[in-house]
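Before any comments, here is the structure.
FYI, the numbering just counts along the sequence from 1.
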Amino acid sequence: MMRKLIMGLAAAFILFTNSAFAAVNPEGARDEVLRVVDDFKTKIVDQREVLSKDTKKLQDAMREIIAPVVDFDDLAKKVMGKYYREATAEQVSAFVSVTEGTLLKTYSAAVIDFDPSRLTVMPLARQKPGREVRVDAKFQMTDGAPVDIAFYMEPNASEQWMLSNVVINNINFGLTFRKQFGVMMQQNGNDIDQAIAAWQKSLASSEE
């Protein structure tokens, strides 16, 4: 359950955005992470008694929280990689729908048990040159083991902080997702429709 919860949080945050640089305060990146964590607490965890009985309300609450920081259209472009250029508009739309719908369905139940007190968002460390800001956090498992999480944030053209990647215990989820879809394309003879179907099964299987 705890592994599922960590995966759920990562999935909820995951985004590969094509952001333009904006001259904004890097502390805003940390503030955005804190906002999302607080929203999970107040809009989902504190409402678990009601939301646990209504799947649609739970998924709607999840969507409301992640919408400001997750662009599923851009996620499709980044995860599909070179195959994005070969896909039709209908196939891209199908990928977006499958990804958003499956992630919300798969992880909503796990996130409802999220304990915000176990997650500590650290003060910003010295940043590398560039437009990305790294926000470090630590999550404490029930057995006391720490989980290191790094949220990579970038400002978009509207100066809204968006998540560009998540790394958990040195596992780069951005790279992992792209590699997974590439493997599915190869396994399905470069048939995009079949690869999208396999992608959906892969995301859903994380629930098990």
Side-chain angles (χ1 to χ4, degrees), residues 1-17 24-72 75 100 102-127 132-155 160-174 176-177 203-204 206-208:
M1 171 61 74
M2 193 58 60
R3 176 181 177 277
K4 177 181 169 185
L5 173 57
I6 293 294
M7 289 290 290
L9 290 173
F13 275 115
I14 278 290
L15 166 70
F16 311 87
T17 186
V24 292
N25 184 354
E27 284 290 343
R30 181 174 182 272
D31 291 342
E32 189 65 15
V33 172
L34 288 170
R35 180 198 66 77
V36 173
V37 172
D38 186 64
D39 279 354
F40 271 118
K41 177 182 184 300
T42 60
K43 297 180 179 180
I44 293 184
V45 178
D46 289 352
Q47 306 298 323
R48 62 161 58 99
E49 185 174 345
V50 173
L51 295 179
S52 62
K53 301 174 183 177
D54 192 323
T55 302
K56 184 179 184 304
K57 283 186 178 180
L58 174 57
Q59 293 181 12
D60 286 346
M62 280 277 290
R63 186 177 288 106
E64 179 184 347
I65 292 171
I66 67 175
V69 291
V70 177
D71 182 344
F72 281 99
L75 173 63
E100 180 178 9
T102 306
L103 288 178
L104 287 173
K105 179 180 178 181
T106 301
Y107 294 115
S108 291
V111 175
I112 202 171
D113 292 322
F114 170 56
D115 181 357
S117 68
R118 292 182 177 274
L119 181 68
T120 302
V121 179
M122 311 300 291
L124 286 186
R126 182 183 296 275
Q127 301 293 316
E132 249 185 357
V133 172
R134 172 174 170 162
V135 181
D136 290 316
K138 291 185 179 296
F139 187 86
Q140 185 177 34
M141 304 286 280
T142 53
D143 63 1
V147 177
D148 294 322
I149 306 174
F151 300 107
Y152 288 86
M153 309 290 290
E154 290 184 18
Q160 167 66 35
W161 285 102
M162 308 292 287
L163 199 71
S164 58
N165 199 5
V166 176
V167 176
I168 299 180
N169 280 350
N170 294 321
I171 298 176
N172 185 319
F173 277 79
T176 298
F177 272 27
L203 293 179
S206 299
E207 184 178 17
E208 300 173 354

Measuring from atom [atom1] of [X] to atom [atom2] of [Y], what distance do you get when rounded to the nearest 0.5 angstrom?
{"X": "E27", "Y": "W161", "atom1": "CD", "atom2": "CH2", "result": "10.0 Å"}
{"X": "F40", "Y": "T42", "atom1": "CZ", "atom2": "OG1", "result": "10.5 Å"}
{"X": "E132", "Y": "L163", "atom1": "CD", "atom2": "CG", "result": "9.0 Å"}
{"X": "N169", "Y": "F139", "atom1": "CG", "atom2": "CZ", "result": "12.0 Å"}
{"X": "L203", "Y": "E100", "atom1": "CG", "atom2": "CD", "result": "12.5 Å"}
{"X": "D39", "Y": "I66", "atom1": "CG", "atom2": "CD1", "result": "11.5 Å"}

Provide the closest heavy-atom pair for [X] versus [Y] in the form atom of the first, atom of the second, distance.
{"X": "A61", "Y": "K43", "value": "CB-O, 4.2 Å"}
{"X": "P68", "Y": "Q160", "value": "O-NE2, 3.7 Å"}
{"X": "N165", "Y": "G174", "value": "OD1-N, 2.9 Å"}
{"X": "V135", "Y": "V121", "value": "CG1-CG1, 3.7 Å"}
{"X": "K41", "Y": "P116", "value": "CB-CG, 3.5 Å"}
{"X": "L124", "Y": "P26", "value": "CD1-O, 3.5 Å"}

Minimum side-chain heavy-atom gap [X]-[Y] below 4.5 Å:
{"X": "L119", "Y": "K138", "answer": "no"}
{"X": "I149", "Y": "V166", "answer": "yes"}
{"X": "E32", "Y": "M162", "answer": "no"}
{"X": "V69", "Y": "R35", "answer": "yes"}
{"X": "I65", "Y": "V36", "answer": "yes"}

When you measure from the side chain of Q127 to the backbone N and O of A125, does any donor-acceptor pair fall under 3.5 Å?
yes

Would a distance-only check, ignoring hydrogens and angles, find a side-chain to backbone donor-acceptor pair under 3.5 Å from R118 to Q140?
yes

Qualifying residues under side chain to side chain contact (heavy atoms under 4.5 Å, CB included), relative to T176, sequence neighbours excluded
I171, Q180

By side chain to side chain contact (heavy atoms under 4.5 Å, CB included) - contacts of D143 (at least two apart):
M141, A145

Evaluate whether atom NZ of K57 has more than 12 neighbouring non-hydrogen atoms of other residues, nucleotides or ligands under 6.0 angstrom away.
no

NZ/NE/NH1/NH2 to OD/OE distance under 4.0 Å, R134 and D136:
yes

Do the side chains of D60 and K56 get close enough for a salt bridge, i.e. N-O under 4.0 angstrom?
yes

